[in-house]
Amino acid sequence: MTEILMNRLRELQEKDAYLSEGGLKKLSKEMNVPISRLYGMATFYTMFHVKKPGKNIIEICASPSCFLHGALTLEHFLTSELQIDIGETTKDGCFTLMKSSCIGCCDMAPAMLLNGKPVGNLTEKKLRSIIKKSNFC
Ligand code: FES
């Protein structure tokens with residue numbers, strides 16, 4: 001049942017880029033599953049969003065390999081540059097910043113996902129360049 005629910009949550013999120021309260025309620029009725037269970041899944045897995053995200057989603061890896069290669073320093077850099085905390089979206093709606101567990105790119109730690117695509121060997125210079133690229137917003 002969990003796999004079916006995960007797939008349904010994924011499908012629902014694909015429509016609106018996040019899981020709205022209305023969408024979760026509708027799915028709860030349709031699947032005859034308590035909304036608390038759906039909400040619990042939606043908030044447990046970092047791939048799901050219960051708030052409307054920004055145009056670009058940065059998920060910085062916080063797992064051991066990336067941590068040991070400076071991910072925490074880069075996380076602080078990003079929160080400072082974007083002037084948001086983890087889980088927040090910039091005022092202009094351009095970036096949402098999230099933390100992630102290992103994304104399977106330990107060989108290029110520190111790494112992150114940018115709109116679901118891995119970007120590795122991160123440095124402050126590389127992050128600044130990504131943020132400044134005008135085509136992102
Ligand atoms: S620990 Fe960061 S990608 Fe594996």
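Note that these values count all heavy atoms, side chains included, but never hydrogens, waters or copies made by symmetry. Every number for a ligand or one of its atoms is a count from 1 in the order of the listing.
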Protein N, O or S atoms at less than 2.8 Å from atom 4 (Fe) of ligand 1, how many? 2
Thr96 side chain vs Thr89 backbone, donor-acceptor pair below 3.5 Å: no
Neighbour count above 12 (heavy atom, 6.0 Å) for Lys126 NZ: yes
Is the CD atom of Glu21 crowded by more than 12 outside heavy atoms at less than 6.0 Å? no
Show every side-chain hydrogen bond (donor to acceptor under 3.5 Å, both in side chains) that has at least one partner inside residues 32-41, sequence neighbours left out. Thr2-Arg37
Cut-off 3.5 Å, no hydrogens considered: what does the side-chain donor-acceptor table look like for residues 63-70, sequence neighbours left out?
{"unit_1": "Ser63", "atom_1": "OG", "unit_2": "Cys102", "atom_2": "N", "d": "2.7"}
{"unit_1": "His69", "atom_1": "ND1", "unit_2": "Ser65", "atom_2": "O", "d": "2.7"}

Who pairs with Lys26 by salt bridge (charged side-chain N to carboxylate O under 4.0 Å, His left out), at least two apart in sequence or on another chain? none
